[in-house]
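Note that the structure is a prediction, hence the values are computed from the model and not measured.
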Amino acid sequence: MSLPGADRREVQGPSPVSGGGNGVAVASDLNRLAIVASNQSTSQRLRLNPNKDHKPDSYEDLQLDFSPSIFSSLERYLPPTMLALPRDDKVKFMKDILLKYLPHGERNRVQKHREYRQKIISNYQPLHREIYTMHPQTFFVPSFLKAINDNSEESFRSIMSEPSPGVFTFEMIQPRFCELLLSEVENFEKWVNEAKFRIMRPNTMNKYGAVLDDFGLETMLDKLMEGYIRPISKVFFQEVGGSTLDSHHGFVVEYGKDRDVDLGFHVDDSEVTLNVCLGKQFSGGELFFRGTRCDKHVNTGSQSEEIFDYSHVPGRAVLHRGRHRHGARATTSGHRINLLLWCRSSVFREMKKYQKDFSSWCGECFREKKERQRLSIAATKSELLRKEGESTT
C-alpha cells in the first residue's frame with residue numbers, strides 16, 4: 001500500500017535539516033493497539049499478545065483503506081471468539097479500530113489522491129509493462145537474491161557493508177532494470193507534458209521527479225517492500241518497526257542541469273528508507289549522514305563517529321532509518337536519478353506516541369542515558385566512600 005503526503009522535515013544542523021520523519025516502535029507494537037482498543041466490550045477486545053498459531057485470512061483481493069498486510073497482521077490479535085467469523089465481519093471490526101488513527105480530513109485527502117491516481121492510470125499507457133510486475137530474476141543481482149532467499153543476518157551481512165552505524169550499502173539492481181525504469185519515467189513525464197496533466201512531485205523539497213505509485217507501480221513496489229526490504233529491516237531496524245512495515249511511498253528524484261541541484265539536511269517521513277541510484281552519468285551528489293535523532297533531538301549536533309559521506313553508484317542501494325539525518329551535495333555535472341522507497345509502519349507510529357525513551361535508536365537519547373548512568377554510578381561510589389570513611393572514624 002502506498003500513501004500520499006510525503007514530506008521531508010527540515011532540521012537545523014550543518015545546513016538546515018528537512019524531512020517528514022515520524023517514528024514508531026518494535027515487533028510487539030500491535031500490543032499497543034490492543035490496549036488502545038480496550039474501550040470495546042470485554043468480549044470484543046483485542047488480545048494483548050498475538051495468537052501465533054492462527055493463520056490469518058488473505059485480504060489482497062479487497063479494496064481497503066489500509067494495506068492488506070495490516071489486516072493480516074492485526075487478525076492475530078483478534079479475540080478468540082472472532083477468529084472463526086466470516087472475513088467480512090473481521091474486516092469491519094479491524095477497520096473500525098484502524099480508522100481511529102486516520103482523521104476525517106486526512107481520509108478525504110487520501111480519497112482525492114486515490115481519484116487523482118486512478119485518472120492517471122486510466123489514461124497513461126506504460127512503455128515497459130514488464131516492470132509493473134515483480135520479476136526478481138530480472139530486477140535484482142544474483143547475490144542480493146541469494147541473501148534474501150537464505151533470509152538470515154549472516155546472509156544479509158555477506159552482501160552488505162556498514163560504513164557508518166545504521167547505514168547499509170549493497171549491490172541490488174541489475175543495469176537493465178535501471179534502464180527500463182529510467183525510460184518509463186521519461187515516457188511518463190513526456191505524457192504529462194503533452195497531456196498538460198498536473199503532476200504531483202515526490203515531496204515538499206524535491207521540485208523534480210515523479211511518484212511511481214501514481215502511474216501504476218504501486219503493486220510492484222509493495223512486493224519490493226514486503227518481500228525484500230522488510231526481511232532485512234526486521235534484522236537491522238527492529239527497534240523502529242522494521243518487522244511491521246506495511247505501507248510505502250515510492251518515487252524518483254532528479255538532479256543536475258535544469259533539475260534539482262542538491263538537497264538540504266533532513267529526515268524522511270519513513271521508518272526505513274531505500275535509496276538506489278539508477279544513473280545516469282554524473283559527478284557530485286554525495287549523500288552526507290549526520291546521526292539518527294528523535295523529534296526532541298533532531299536539531300542537536302553530530303558526534304565525529306556519526307559523520308559519513310557516501311558516493312552513489314548506479315545499481316547500488318543504501319538502506320537506513322528514516323530518522324537518520326542526511327542530505328545530498330550538489331550534482332556538479334551530468335544527470336543523476338535515484339529511486340526512493342520510504343517504508344512505513346503504522347503500528348510503530350502508534351507505539352511511539354506512548355514512548356519516552358528512544359535510546360535504542362536516537363544517538364542523543366543514548367548519550368543522555370549513558371550520562372545518567374555514569375552520574376548514578378559516580379554518586380553511588382561517592383556515597384559508599386563516604387560511609388566507609390565514617391565507619392573508620
Side-chain angles (χ1 to χ4, degrees), residues 4-23 163-164 166-169 172-173 178 181-182 185 189 199-214 248-293 295 298-302 306-344:
D7 295 330
R8 301 181 188 267
R9 180 173 303 150
E10 275 200 330
V11 183
Q12 300 304 317
S15 26
V17 181
S18 1
N22 298 349
S164 183
V167 179
F168 298 90
T169 70
M172 182 181 183
I173 303 295
C178 290
L181 184 54
L182 286 172
V185 170
E189 292 180 334
I199 184 172
M200 286 189 177
R201 296 304 179 184
N203 52 67
T204 56
M205 292 182 70
N206 289 101
K207 306 306 179 187
Y208 296 89
V211 178
L212 300 177
D213 303 303
D214 283 349
H248 75 265
H249 176 58
F251 56 98
V252 293
V253 290
E254 302 179 44
Y255 296 90
K257 186 178 179 181
D258 300 325
R259 294 292 187 271
D260 289 316
V261 176
D262 55 16
L263 189 64
F265 196 42
H266 66 277
V267 294
D268 295 338
D269 184 10
S270 69
E271 274 60 78
V272 177
T273 292
L274 172 72
N275 186 339
V276 187
C277 182
L278 300 175
K280 305 177 178 177
Q281 297 295 319
F282 61 91
S283 57
E286 298 86 358
L287 282 179
F288 58 93
F289 290 91
R290 297 295 183 266
T292 308
R293 296 291 188 273
D295 287 340
V298 72
N299 288 313
T300 57
S302 301
E306 295 178 318
I307 297 174
F308 171 65
D309 285 17
Y310 170 79
S311 297
H312 287 291
V313 177
R316 192 166 180 84
V318 184
L319 194 69
H320 60 86
R321 295 176 185 85
R323 297 295 309 185
H324 204 135
R325 303 177 301 177
H326 60 286
R329 303 194 189 284
T331 297
T332 52
S333 66
H335 190 195
R336 177 172 68 86
I337 304 180
N338 281 52
L339 163 65
L340 276 295
L341 192 70
W342 287 356
C343 304
R344 298 158 172 166

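- Ser270 and Cys343 make their closest contact through CB-O, 3.6 Å (heavy atoms, listed as atom of the first residue, atom of the second, distance).
- Minimum heavy-atom separation, Gly250 to Leu341: CA-CD1, 3.9 Å.
- Once rounded to the nearest 0.5 Å, the distance linking CG of Asn275 with CG of Asn338 reads 4.5 Å.
- Side chains of Arg336 and Ser283: a donor-acceptor N/O pair is absent below 3.5 angstrom, by distance only.
- With hydrogens and angles disregarded, a donor-acceptor distance shorter than 3.5 Å links the side chain of Arg325 to the backbone of Arg290.
- In this structure, Phe289 has its ring center under 6.0 Å from that of His320.
- Side-chain contact of Thr292 with His324: a donor-acceptor pair under 3.5 Å is present, judged by distance alone.
- Between the side chains of Arg316 and Thr169, at least one donor-acceptor pair of N or O atoms lies under 3.5 Å.
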How far apart are the C-alpha atoms of His326 and Asp268, what are their side-chain angles, what is the distance that settles it, and do they pass the side chain to side chain contact (heavy atoms under 4.5 Å, CB included) test? CA-CA 9 Å; His326 60 286; Asp268 295 338; 3.3 Å; yes

Begin from the C-alpha positions of Leu339 and Leu212 and carry the test side chain to side chain contact (heavy atoms under 4.5 Å, CB included) through to its verdict. CA-CA 9 Å; Leu339 163 65; Leu212 300 177; 3.3 Å; yes

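- Below 30°, between 30° and 60°, or above 60°: for Tyr310 and His312 the angle between ring planes is above 60°, a perpendicular geometry.
- Using modelled atom types and a 3.5 Å distance limit, the side chains of Asp213 and His248 yield a donor-acceptor pair.
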Full working for salt bridge (Lys or Arg N to Asp or Glu O under 4.0 Å) between Asp260 and Arg201: CA-CA 12 Å; Asp260 289 316; Arg201 296 304 179 184; over 6 Å; no

Dump the intermediate steps for side chain to side chain contact (heavy atoms under 4.5 Å, CB included) on Val167 and Phe308, then the final yes or no. CA-CA 9 Å; Val167 179; Phe308 171 65; 4.1 Å; yes

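- Ion pairing of Glu306 with Arg293 is present here, as a side-chain N (NZ or NE/NH1/NH2) and a carboxylate O approach within less than 4.0 Å.
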Salt bridge (Lys or Arg N to Asp or Glu O under 4.0 Å) between Asp295 and Arg323: does it pass, once the steps are laid out? CA-CA 9 Å; Asp295 287 340; Arg323 297 295 309 185; 3.0 Å; yes

